[in-house]
Each structure stands twice: as structure tokens, then as C-alpha cells.
Amino acid sequence: MSHDPLQTGQARYAWREIDRREPPKRKAEERITDFHEIYSLFDEAMIREQASRCVQCVSPACVTGCPLGNRIPEWIALAAEGRFLEAAEISRRTSSMPEICPRVCPQERLCEDACVIHSPEEPVCIGAIEKFINEYALASGNGHIATAPRNGLRVAVVGSGPGGLACADELSRMGYTVTVYESQLLPGGLLLFGIPAFKLDKAVVERRINILKQQGVEFKVGVTLGKDVSLSGLLENHQAVFLGIGALKPKALDVPGADLQGVIQGLPFLAQKNAPIALDLPPVDVNGRRVVVLGGGDSAMDCLRTAIRCGAAEVVCAYRRDLANMPGSRKEYANALEEGARFLFLTNPLAIEGNGDGNVTGVRCVRMELGEPDASGRRKPRPVAGSEFQIPADLVLVAYGFDPVPFPPGSDLARIAVNDWGATKVDQNQMTSVPGVFAGGDVVRGPSLVVHAVRDGRRAAAGIHRYLTELKPSPAPAQP
Ligand SMILES: Cc1cc2nc3c(=O)[nH]c(=O)nc-3n(C[C@H](O)[C@H](O)[C@H](O)COP(=O)(O)OP(=O)(O)OC[C@H]3O[C@@H](n4cnc5c(N)ncnc54)[C@H](O)[C@@H]3O)c2cc1C
């Protein structure tokens, strides 16, 4: 059957008649009482109608707008015809997480931003369609698990975030025997221990990991590279190694009072409140407390919304730039606002204030104004003289982003070249300076997106395959 929308009778100008719809979203009053996902799926009729808004561009900008180069118009055309299983089959050819990316991608900055009907109209709801077709296929038990005859070659994947999982997926589909080494007691990386369950249900991550297990991927959890195993030890038993160990060193809050009780890093807070297992972290009581979140990225949005769900009396975000320059997803910003978060833009902390017991009582701030663009192209904030004020607070969550964890000096990991801010250097095949050792995701890019880690993991798998089949190196020498 043809997929051509013109031949199938799909209206090419349907977008003029049919408005974009957002998938059903639970009311804010209801959703702040639990950690369940806030969006549900469209029904089949609505998916077909929304998919019919796609104009099937000859040079689809949405494909280039997607870091994975997802074949969006093809699966949208199939979805418009109600051929959901075929649509899902095409969608998973380019993505190792086609049910996870639509839940967490900032589509408004990627595929949907590139959609040609974005201007003058609203773009096609690409993310909602991708989620629907893949949930449909998963519910029908269709596809997703791909097994291939083993090729006798072994690869170690270190780190089980989206980068490591995508690399393991691709390699196992090619016949490699893959073992994933993960320092946490559950695999998933930030999908499990960072991104809150109201954005990404933990059962969805578990289901994806189970698919990999059924594909033959082995998981060894509670194993830390550089402590329990060495790089040379892995290279003795595997023909290649992929490092997907993320960038998990939180940036510090560098103001007086940052060591007061009640000032804590956002990521351990999120992990404690969202992880599906109890973690060995000091408990943080949020109930009835006034919470100030410092930062303006995805982690900050997640801290705000998690604090609200934990019963905070008041939740305020202080961010030094304005909304236009805030890195966090607009969709999640809107959700945070709906749920009761308050935003103070152009606001920078000068000091954390405390009482005689060493507990936080507030954040002394200064108003900012935007000056000239800095190296990143964003306008640099500068303080406004005489504009100091205080935000009362019992708990301050620091969400300033992350850096790669430095490789332990003296360990054999230290021979991997890094750039001046500690990110691992890779070539066009994602190979590091050490032959046979590849890397991708946040450890290479710094804090980024799930979809970028997936792309790197897939690209590294192709690089590993090329390295092991075309370059045919002799096995790495065992280290003493
Ligand atoms: C709070 C928060 C919210 C976010 N929200 C979004 C979002 O909504 N959308 C989006 O696209 N992105 C989001 N991101 C970013 C996204 O989660 C990351 O870009 C992505 O997870 C990076 O994937 P990764 O595989 O490189 O690393 P990670 O997901 O960080 O996984 C790295 C894994 O390696 C393990 N590890 C580290 N060192 C070792 C070692 N030595 N030995 C063994 N294992 C090791 C870690 O335990 C971890 O499991 C968010 C990030 C945070 C922190």
C-alpha cells in the first residue's frame, strides 16, 4: 500500500482545518498529589486526525531537527492511515528509545520547532504521535525485541543511562555479546535517578531494560569502573569498551552560607524522592517548608515540581537570566507554573542566610539586568546596584548543572584524553584517545539531553562495529 498522502487521499492542507491538540493532561490540583505521569495518550481517532496535519514535506525539516534523524514524515503518514504497528516499526529503526524520547524530549526546540507549519500555525504534535505508536506496538507485544546470531565478540558498556543503553541495544542487535557495568544497584542512569517519575514513569524505563535483557544484554550492577574493575581489566575480556558514565558532578553553589543545614544539591534530592529503591542518602523533609530552587534548567524545573509534590508550603525558582534565556524546557516551565511554582527571573543569590542553629532562613539576592551576549550567545547578566532583597527559605535546592566526574588520578582511566573542562574527547566514531575505548552522552558533551546520549550511543555502536570488523586490530594487550 502506498504511503503517499496524496495517493491515499490524506488532505495535504488538513492543518488549515484541524487545530493542533495537546495530549490529555491531568489537572494540576490532581497531579501534585502523586508522582504519576501527567500526560496520557490520544485515542486512535485523534492520532489519525493529528497525523493528517502533516504536509509531508519533500525536504522534511523535522528530520533534520531531530538529533536522531527520525523518519518522522514516514511514520506520521502511516499513523494517519491507522497503520500504527508499521509506523512504530519505522520509528524504532532510528531510535533505541522511541517510547522514552517523546516523553522527555523538548520537542518545541527540536522536531516540532522545525515543522514547516510551525509558522504561521501550530506544528504537528510529533512527540505525542511517536509516543502513541510505540506504546501501541509495545502493548500489542509487537517488535522492539531484536535478536541476532552471536558473532563471538564481546563489548563492555560502562554506565546504563540512555547512552549506554542505546549502545548496548545496537550492538546486541548486531550480534555482539554485551555486558553493561553500572555502579548503581539498578540500571537506567538519569532516566531512573534524575528525571522524575511524573515526566517518565519508572516502569517505562524498566520495560526498556527488560527488552535489552531479552535481547541478551547482561547487566552487572553495583560495579564501578575505576574501583571494582579497571579499564585494562575490561579490555582483557572484551574487544571494545563504551563509556557512558555521564557528567554527574554537581556544580557547587559558591556564596557565603552555602554550607548551612538545608542547602542541598538538587540531584540527590530528586534521586531520593523519585528513585524506585531506597537510597543511602540523608532524608530531606520538605513538608510545610519554604523551598527556593537556584537555577533555570531541567533539573531546576524538576526540583520545583518534586518539592511541590512533597508538600512544600511555597516553592520559588531564582534564576539569574530572563525567561527567554532560560535553558529549561518551556513545556516543563508551563507545567511548573500550573502546579504552583513561582519564578523570580533576573535574580541571583549573594548569600544564604541562617539562624543561630545553622539552619537556612533565607536567600539574599540581587536583581540582575542583561548586558552583552557572552561566548554562548546568551546575554550576560550583571547585578543592579542597590537592588538586594531576601527570599525567605527553609530549604535551598541547588540546580546549577553538572560537570564530568574527573577520572581518578593514577588509575588507568587517566590515560583517556579530556578537554579543559574534563569532558572526554572522541573522534568521529566516538572513539577516545585509547584505541578500542569509545564514549558518548554527557561524559563527552557535558549535561545535555536524553536524545543526544541515545544518538552518541548508537553512533558509538556503529564506530565499534567498524573498528572491530574493518580495522581488525589485534586484541588489546593485557595490562600487568
Ligand atoms: C534532573 C534532570 C532532569 C533531566 N531532564 C531531562 C529531560 O526532561 N529531557 C532530556 O532530554 N534530558 C534531561 N536531562 C538530561 C539527561 O538525563 C542526560 O543528558 C542523559 O541522561 C545523559 O545520558 P548518559 O547516558 O550520558 O548518562 P547518565 O544518564 O548520567 O548515566 C550515566 C550512568 O553511568 C553510571 N556511572 C557513572 N560512573 C560510573 C563508573 N565509574 N562505573 C560504572 N557506572 C558508572 C551512573 O551511575 C549512571 O547510571 C535531565 C537531567 C537531569 C539531571
Side-chain angles (χ1 to χ4, degrees), residues 67 96-97 100-107 109-110 127 156-168 179-200 205 209 219-231 234 241-251 265-271 273-275 279 293 295 297-306 327-329 331-333 335 397 399-402 404-408 411 413 423-424 439-457 460:
S96 307
M97 300 192 174
I100 291 178
C101 286
R103 286 175 159 89
V104 297
C105 270
Q107 286 96 358
R109 284 196 267 138
L110 301 170
V157 168
V158 186
S160 63
L165 295 180
C167 186
T179 306
V180 178
Y181 297 86
E182 168 56 55
S183 58
Q184 295 283 354
L185 294 178
L186 283 178
L190 288 176
L191 300 176
L192 210 60
F193 293 102
I195 300 176
F198 49 81
K199 278 163 62 180
L200 174 62
V205 182
I209 284 158
F219 286 86
K220 291 195 173 174
V221 295
V223 180
T224 298
L225 174 65
K227 185 172 141 233
D228 306 310
V229 287
S230 64
L231 184 61
L234 289 183
V241 173
F242 173 77
L243 300 179
I245 54 178
L248 296 166
K249 184 177 157 215
K251 286 188 197 292
Q265 278 291 341
L267 186 56
F269 168 74
L270 290 173
K273 302 298 181 193
N274 284 283
L279 298 173
V293 175
D298 281 330
S299 307
M301 304 301 128
D302 293 345
C303 285
L304 292 164
R305 299 175 67 199
T306 297
S329 147
K331 188 170 67 179
E332 304 309 342
Y333 163 68
N335 286 332
L397 300 173
Y400 277 167
F402 305 90
V405 177
F407 293 132
S411 84
L413 285 166
T424 296
D442 285 3
V443 71
V444 167
R445 298 167 176 272
S448 186
L449 293 174
V450 168
V451 69
H452 287 141
V454 172
R455 179 172 79 169
D456 287 356

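From a predicted model like this one, the values you see are computed outputs, not experimental measurements. For the single chain, residues carry numbers from 1 onward in sequence order. Order of appearance sets the numbers: ligands from 1, and atoms from 1 within every ligand. Keep in mind that the numbers below use all heavy atoms, side chains included, and drop hydrogens, waters and symmetry copies.
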Visitor: Can you check whether Ser329 reaches Asp298 side chain to side chain, under 4.5 Å on heavy atoms?
Guide: yes

Visitor: Could you tell me if any non-hydrogen atom of Cys105 lies under 4.0 Å from any atom of ligand 1?
Guide: no

Visitor: Considering distance alone, does some N or O of Ser183 sit under 3.5 Å from an N or O of ligand 1?
Guide: yes

Visitor: Among all protein heavy atoms in this structure, tell me which lies nearest to atom 37 (C) of ligand 1, with the distance rounded to 0.1 Å.
Guide: Ile245 O, 3.3 Å

Visitor: Need the ligand 1 atom indices (1-based, order shown) with element for anything under 4.0 Å from a heavy-atom of Gly189.
Guide: 29 (O), 31 (O), 48 (C), 49 (O)

Visitor: So, is Leu248 polar-close to ligand 1, with some N/O to N/O distance under 3.5 Å?
Guide: no

Visitor: Starting at CG of Leu231, measure out to CZ of Phe407 and round the result to the nearest 0.5 Å.
Guide: 8.5 Å

Visitor: Output yes when the distance from some N or O of ligand 1 to some N or O of Leu270 is under 3.5 Å, and no in every other case.
Guide: no

Visitor: Please confirm whether Pro162 approaches ligand 1 to less than 4.0 Å, judged on its heavy atoms.
Guide: yes

Visitor: Could you check if a side-chain atom of Ile195 sits within less than 4.5 angstrom of a side-chain atom of Val205, using non-hydrogen atoms only?
Guide: no

Visitor: As an exercise, identify every atom of ligand 1 less than 4.0 angstrom from a heavy atom of Gln184.
Guide: 47 (O)

Visitor: Who passes side-chain contact (heavy atoms from CB on, under 4.5 Å) against Pro406, sequence neighbours left out?
Guide: Lys249

Visitor: At what distance, to the nearest 0.5 angstrom, does CD of Gln265 lie from CG of Leu397?
Guide: 9.5 Å

Visitor: Among all protein heavy atoms, pick the one closest to atom 7 (C) of ligand 1 and tell me residue, atom and distance.
Guide: Val104 O, 3.6 Å

Visitor: Among all residues two or more places apart in sequence or in another chain, which pass the side-chain contact (heavy atoms from CB on, under 4.5 Å) test with Thr306?
Guide: Phe35, Pro196, Phe198, Phe269, Leu270, Lys273, Asn274, Cys310

Visitor: Only heavy atoms of Gly441, strictly under 4.0 Å: list the atoms of ligand 1 that pass.
Guide: 26 (O)

Visitor: Is any side-chain heavy atom of Thr424 less than 4.5 Å from a side-chain heavy atom of Pro404?
Guide: no

Visitor: When you compare ligand 1 with Lys199, is there at least one nitrogen or oxygen pair between them that comes in under 3.5 angstrom?
Guide: yes

Visitor: Is Phe402 close to ligand 1, meaning an N/O of one under 3.5 Å from an N/O of the other?
Guide: no

Visitor: What part of Asp302, side chain from CB on, backbone N/CA/C/O, both or neither, has a heavy atom under 4.0 Å from ligand 1?
Guide: side chain

Visitor: For Val158, counting its heavy atoms only, list the atoms of ligand 1 lying under 4.0 Å from any of them.
Guide: 42 (N), 43 (C)

Visitor: Can you tell which of Gly194, Ser299, Ala439 gets a heavy atom nearest to atom 52 (C) of ligand 1?
Guide: Ser299

Visitor: When you measure from atom 42 (N) of ligand 1 to every protein heavy atom, which one gives the shortest distance, and what is it?
Guide: Leu225 N, 2.9 Å

Visitor: As an exercise, identify every atom of ligand 1 less than 4.0 angstrom from a heavy atom of Gly163.
Guide: 25 (O)

Visitor: Just need the protein heavy atom nearest to atom 27 (O) of ligand 1, so name the residue and atom and give the distance.
Guide: Gly246 CA, 3.5 Å

Visitor: Should Phe219 and Ile209 count as side-chain neighbours, where that means a heavy-atom distance under 4.5 Å?
Guide: yes

Visitor: In Å and rounded to the nearest 0.5 Å, what is the SG to NE2 distance from Cys101 to His452?
Guide: 10.0 Å

Visitor: Nearest to atom 32 (C) of ligand 1 by heavy atom, Gly244, Ala399, Ala300, Gly159: which?
Guide: Gly244

Visitor: Does an N or O anywhere in Val450 fall below 3.5 Å from an N or O of ligand 1?
Guide: yes

Visitor: Measuring from atom 28 (P) of ligand 1, which candidate in Leu190, Asp442, Val157 has the nearest non-hydrogen atom?
Guide: Leu190

Visitor: Check whether any heavy atom of Ser448 sits under 4.0 Å from an atom of ligand 1.
Guide: yes

Visitor: Tell me, which protein residue and heavy-atom name are nearest atom 46 (C) of ligand 1, and how many Å apart are they?
Guide: Glu182 OE2, 3.5 Å

Visitor: Can you figure out which of Ile195, Leu243, Val223, Leu267 has its heavy atom closest to atom 13 (C) of ligand 1?
Guide: Ile195

Visitor: Would you mind finding which of Cys101, Cys303, Ala453, Gly161 brings a heavy atom closest to atom 31 (O) of ligand 1?
Guide: Gly161

Visitor: In Å and rounded to the nearest 0.5 Å, what is the CG to CD1 distance from Leu225 to Ile245?
Guide: 6.5 Å

Visitor: If you measure from NZ on Lys199 to CG on Leu191, what distance do you get to the nearest 0.5 Å?
Guide: 11.0 Å

Visitor: Any side-chain heavy-atom pair from Leu186 and Val221 closer than 4.5 angstrom?
Guide: no

